[in-house]
Structure formats: C-alpha cells, structure tokens
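One structure is given below, encoded as structure tokens.
Scope of the values below: all heavy atoms of this structure, side chains included, with no hydrogens, waters or symmetry mates. These numbers were taken from a predicted model, which means no experiment stands behind them.
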Amino acid sequence: MATYEKGILGPFTGTVGTVVGANWRGKNVMRSRPKKTSRTPTELQLLQRDKFAAITRFLTPIRGLYNRYFGTNLGVRSRYNIATSYHIKEAITLVNDVFEITYNKVLISKGELQGVLDPTAVALANTQIKLTWADNSGQGMALPTDTLLVVIYSEDLNLFEVFEYQATREDAEVTLSVAAYFSSLEVHCWVSFVNDDRKLSASSNYLGTVTLT
C-alpha cells in the first residue's frame, strides 16, 4: 500500500486498472487490486468469516464510541480495529452453528480511568432506567467531574441507544429516559466513565438486562 499527495487527476476512490484508490485515516492511499482465486475456502475459513461478519454487524452502529474510547491507537491500527479484534477473540460463541454475542464480555470502552463502582440498573415506568453507583472520586485518576457513559442494546430491535453527558461521578445516580419504541423489551446495559477532555476512559461494566415498561 502506498500513500500519495496528488495523482494525475487528483485523489480518487475505486478501481483504476490494476490499482485501487481510497482515503484511509485521512490519507490518500493506493493498493494493488486483489487477485481473484478459484480456491474453495476451508470450513475454518468460512467460520472465521462468519465470526467476523457477526462482530462487525454488532459493533458498527457504535463504531464512533470505539474510535474515541477503546484503548489507544497502535501504529496503523485504529481503536475500532483493536476493539474488533478483542470482541472476535473474547465476546462471541458458536451455538448450534450460529455465532452469538457473549454480552457479558462486550466492552464499550477500555482504558486506565477508574471504573464505575457498585453500579445498579432498575427499570422504571415510561421506559426509564434508574442507575446508581458509588462515588469513588479520588481513587486513581478518578475525578468528581468524570461523566457517565451509558449504552443500551435491544436484541429484538437490533438497536443501540447511547447516553452521554447525563451525570457525573459525584452524582452517584441518574434516571434516563429511553426511546418509547424500547417499551416492553429487554435491553442489555453497559456503563463507563470518561474524563472532562474525553482523553481518558474507564473499562466498561456490563449490568445485565432490564425489561423496560
């Protein structure tokens, strides 16, 4: 793969002759056009493709969160790439020939900031969720002003909802209003903290499921 500042006709995307142009992480790049192969993929290769596809479908809607809050970039690998690798290795299981997400292994953020201490989630009327936690300000790099990050996911709808800037570490509780179309559905819930300048995050906690009413 090569980078370039100006092509003959400027930056381009797509296939031209034997090369493919694209914009990758803000750089104009060209790479060789992949060669077609007549080899039949092995069963293991097919399984790996299915696993990758299942994880990608699950993570893509919240890709922006991973690019902000999952560890740090490693060379040319983005945070989202690192998150994808983690979930492929740790957060998916083959059940009756179908790959299923292992929700208690899913992370929505990963970092060195002190995490959420003793979190709980309770469903209230009108599709609300009340979250509580212990204020552990002062532990490690934890500050009272760290903001809560909450992600919920419905398998029935295959849909996420993300809450940011709703509460701080020192608040120790918050009630969130979830969209009405989640009513009567079971949702998975994760919580984390992010610091003021959004440069530090905690590793998220999985709170299990609640059924909204």
Side-chain angles (χ1 to χ4, degrees), residues 55 58-72 79-80 82-84 86-87 90-92 100-213:
I55 285 295
F58 179 70
L59 299 184
T60 295
I62 52 172
R63 181 173 185 156
L65 288 182
Y66 288 116
N67 278 327
R68 283 183 284 161
Y69 303 136
F70 202 92
T72 57
R79 294 181 179 188
Y80 175 73
I82 297 168
T84 300
Y86 163 80
H87 287 88
E90 305 292 341
I92 193 165
E100 296 183 359
I101 303 298
T102 310
Y103 293 102
N104 64 345
K105 295 291 185 68
V106 168
L107 293 175
I108 60 168
S109 63
K110 187 175 185 292
E112 299 177 356
L113 193 63
Q114 196 72 19
V116 184
L117 180 62
D118 298 331
T120 65
V122 178
L124 303 178
N126 301 316
T127 60
Q128 292 185 319
I129 298 177
K130 182 176 182 179
L131 300 168
T132 64
W133 59 92
D135 179 8
N136 56 346
S137 300
Q139 293 182 353
M141 294 179 283
L143 295 175
T145 54
D146 295 334
T147 57
L148 190 70
L149 169 65
V150 182
V151 175
I152 67 166
Y153 173 74
S154 164
E155 286 185 85
D156 297 285
L157 298 177
N158 187 27
L159 193 64
F160 288 93
E161 186 162 2
V162 178
F163 299 88
E164 297 186 83
Y165 313 107
Q166 301 285 322
T168 61
R169 192 185 295 267
E170 66 181 347
D171 290 334
E173 68 173 55
V174 67
T175 299
L176 303 174
S177 295
V178 182
Y181 44 76
F182 285 95
S183 180
S184 78
L185 299 179
E186 181 181 79
V187 296
H188 299 268
C189 185
W190 296 266
V191 294
S192 187
F193 278 122
V194 181
N195 73 346
D196 267 350
D197 62 9
R198 325 311 283 174
K199 291 183 178 179
L200 286 177
S201 61
S203 293
S204 58
N205 298 65
Y206 175 64
L207 304 188
T209 60
V210 296
T211 301
L212 297 173
T213 58

Candidate pair Tyr86 and Lys110, rule side-chain contact (heavy atoms from CB on, under 4.5 Å), full reasoning: CA-CA 11 Å; Tyr86 163 80; Lys110 187 175 185 292; 5.7 Å; no
Using side-chain heavy atoms (C-beta onward) and a distance below 4.5 Å, is [X] in contact with [Y]?
X      : Y      : result
Met141 : Asn195 : no
Leu113 : Ser201 : no
Val210 : Lys130 : no
Asn104 : Thr102 : yes
Phe163 : Val174 : no
Leu143 : Asp196 : no

Pair Val150-Val191, side-chain contact (heavy atoms from CB on, under 4.5 Å): steps then yes or no: CA-CA 5 Å; Val150 182; Val191 294; 4.1 Å; yes
Does any N or O in the side chain of [X] come within less than 3.5 Å of the main-chain N or O of [Y], such that one atom is a donor and the other an acceptor?
X      : Y      : result
Asn67  : Tyr80  : yes
Asp135 : Ser137 : yes
Ser154 : Leu157 : yes
His87  : Lys105 : no
Arg79  : Tyr66  : no

Any donor-acceptor N or O pair under 3.5 Å, side chains Ser109, Ser192: yes
Check: Thr147/Arg198 side-chain N/O donor and acceptor closer than 3.5 Å: yes
Partner of Tyr153 under ring pair (Phe, Tyr, Trp, His ring centres under 6.0 Å), chosen from Phe58, Trp190, Tyr206: Phe58
Verdict with supporting geometry, Val178 and Val187, side-chain contact (heavy atoms from CB on, under 4.5 Å): CA-CA 11 Å; Val178 182; Val187 296; 6.0 Å; no
Listed once per pair and sorted, the side chain to side chain donor-acceptor pair (under 3.5 Å) pairs that draw on residues 111-122, sequence neighbours left out: Gln114-Gln139, Thr120-Thr132
Nearest 0.5 Å, please: how far is [atom2] in [Y] from [atom1] in [X]?
X      : Y      : atom1 : atom2 : value
Ser203 : Phe193 : OG    : CZ    : 13.5 Å
Leu176 : Ile152 : CG    : CD1   : 8.5 Å
Leu148 : Glu173 : CG    : CD    : 12.0 Å
Thr175 : Gln128 : OG1   : CD    : 6.0 Å
Asp146 : Asn136 : CG    : CG    : 8.5 Å
Ile55  : Thr84  : CD1   : OG1   : 8.0 Å

Can you name the closest pair of heavy atoms from [X] and [Y] and give their distance?
X      : Y      : result
Val151 : Phe160 : CG1-CD2, 3.6 Å
Leu107 : Ser204 : CA-OG, 3.4 Å
Leu131 : Ala121 : CD2-CB, 3.5 Å
Thr211 : Ser184 : CG2-O, 3.9 Å

Audit row: Leu207, Val116, side-chain contact (heavy atoms from CB on, under 4.5 Å) steps and yes/no: CA-CA 11 Å; Leu207 304 188; Val116 184; over 6 Å; no
